[in-house]
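Worksheet: one structure, shown below.
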Protein chains: 2
Amino acid sequence: MKSEILKYLSKYTVITKELENAISESTFIKTFKKGSVLLKEGGISNECYFIIKGCVRSYFLKDGEEKTIEFYTEEQSVVPANYETLKPSEHYLECLEDTIASVGNPKLEKETFQKYPQLESLSRIIAETIILKQQVSFTEFKTSTPEERYLSMLKNRPALHQRVPQHQIASYLGIKPESLSRIRKRIINKK
Amino acid sequence: MKSEILKYLSKYTVITKELENAISESTFIKTFKKGSVLLKEGGISNECYFIIKGCVRSYFLKDGEEKTIEFYTEEQSVVPANYETLKPSEHYLECLEDTIASVGNPKLEKETFQKYPQLESLSRIIAETIILKQQVSFTEFKTSTPEERYLSMLKNRPALHQRVPQHQIASYLGIKPESLSRIRKRIINKK
DNA sequence: CAGTTCCATTGACTTTGGTTAAGTAATCAC
DNA sequence: GTGATTACTTAACCAAAGTCAATGGAACTG
């Protein structure tokens, strides 16, 4: 279970004995059944997650509709928007599949970073990488039509399509389910 | 000049003597004339910027059009997407106004973080904060109409509207200049 | 200061997504 | 397994953004 985390970290740095110890000491694995709700609107969040296996969706309600923010799958980190703030959440987090995750909390994080500064340094680098990746996603979204967004999703995260209901994908793409249905039809006819 | 940086950092932590020293030692101020190009397509980037005064726009070319990624103003950090990668840039960075910025580079960063671990810890926290803010922006964008996006921009960054030409704002909002023109007309008529 | 270029606006027309409603297919619960 | 709920598709209609073209004005240049 913990080796998945080391595998992920090895993309960013050389795994030293110290890092291995840091992960081994500071990592708690939890498993969640499909349908589990990790956080609901109004809830206080005290946990963040690194997904080892499974799929978590974050969403919120706007105009009575669920708006999907993100689908988190293997090797992705889920940090609730209100993590560490002690403020009530505006978002939901739910498991779309049985999910295995490493769970962190602010206290544990703090202790671990104090004991293993190398891990905090690595966290900074990873965070900065995530910022750049997010910016790329955002920019692609802004400069694409819904049809292009859908095609790009099929290309970059092909598995999602099998794992997630279509109307949730629609809201993830910022369109209505009916439109996604039409887009799919359009694409088929083009071929 | 450097006090602006401390002012910014004070939003995240208590400014210790150590931090003050770290900033004082590691900060180099540069000024740029309006129209200066900090990075062009194909260029290698070796610098990042913290804007003390002025405005920088990042954009790229797609289908022969400039697509504005971001307008950076006071207290914002500009990290080129290819920073530290040594790969040619797909983006441009240009100063829309005379600009004063603190300039960093990978070597300086590394040395400073080594000497002042506290600063790296702070950087991690700020990076994580930026991730969450980005996610909020992205989500707002996805769940809004172009008109709502424009109104929200007027509300959240009212000064931009005076500082930046309208067709660049249009591309920043992901729409055509003609559409922004019509949206503005619509808004006026509603009042 | 004249000429050019760039920018914002407007109009006619096209394309595409939103809305509403209905019908069919798939899934869930008992 | 059957009924109920939920998910997906289709169609007709509407609203808004894209496209193309033209115009007037502002800003830049020699």
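All chains are named by letter (A, B, ...) in the order of the sequence lines, taking the proteins before the strands, and each is independently numbered beginning at 1. Both backbone and side-chain heavy atoms feed into the values below; hydrogens, waters and symmetry mates do not.
- When the side-chain nitrogen and oxygen atoms of Lys185(A) are compared with OP1 and OP2 of dT9(D), none of them lie within a distance under 4.0 Å.
- Within the structure, a side-chain polar atom (N or O) of Ser179(B) is placed less than 4.0 Å from OP1 or OP2 of dG18(D).
- In this structure, Gln162(A) places its CD atom 17 Å from C1' of dA7(D), rounding to the nearest Å.
- If you measure from atom NZ of Lys176(B) to atom P of dC20(D), you get 10 Å, rounded to the nearest angstrom.
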In sequence, state the C-alpha distance, the side-chain angles, and the governing distance for Tyr8(A) and Phe50(A), and then conclude on ring pair (Phe, Tyr, Trp, His ring centres under 6.0 Å).
-> CA-CA 10 Å; Tyr8(A) 170 72; Phe50(A) 176 86; 5.0 Å; yes

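- At a threshold of 4.0 Å, the pair Arg182(A)-Glu178(A) does not count as salt-bridged, since none of the basic side-chain nitrogens sits closer than that to a carboxylate oxygen.
- The side chain of Ile183(A) lies closest to dG17(C), out of dC8(D), dG17(C), dT10(C).
- In the hydrophobic clustering of this structure, Ile5(A) groups with Leu122(A); members are Ile, Leu, Val, Met, Phe, Trp, Tyr whose side-chain heavy atoms approach within less than 4.5 Å, directly or through other members.
- For the pair Arg124(B) and Glu120(B), the salt-bridge criterion is not met [side-chain N within less than 4.0 Å of a carboxylate O].
- OP1 or OP2 of dA15(D) has not a single side-chain nitrogen or oxygen of Arg186(B) nearer than 4.0 Å.
- In this structure, Leu173(B) places its CG atom 17 Å from P of dA16(D), rounding to the nearest Å.
- Rounded to whole Å, the distance from CG on Asp63(B) to C1' on dT19(D) is 14 Å.
- Ile175(B) places its CD1 atom 15 Å from the C1' atom of dA15(D), with the value rounded to the nearest Å.
- Between His167(B) and dA8(C), a side-chain N or O to OP1/OP2 separation shorter than 4.0 Å is present.
- Using a 4.0 Å cut-off between a side-chain N of Lys or Arg and a carboxylate O of Asp or Glu, Lys53(B) and Glu4(B) do not qualify as a salt bridge.
- In terms of phosphate contacts, Gln166(A) brings a side-chain nitrogen or oxygen within less than 4.0 Å of OP1 or OP2 of dT9(D).
- Whole-Å rounding puts the Tyr150(A) OH to dT16(C) C1' distance at 17 Å.
- Among the protein residues, Arg182(B) comes within range of the nucleic acid bases, having at least one heavy atom under 4.0 Å from a base atom.
- The distance from atom NZ of Lys142(B) to atom C1' of dG18(C) is 18 Å, rounded to the nearest whole Å.
- Taking atom CZ on Arg184(A) and atom P on dA7(D), their separation rounds to 15 Å, with Å as the unit.
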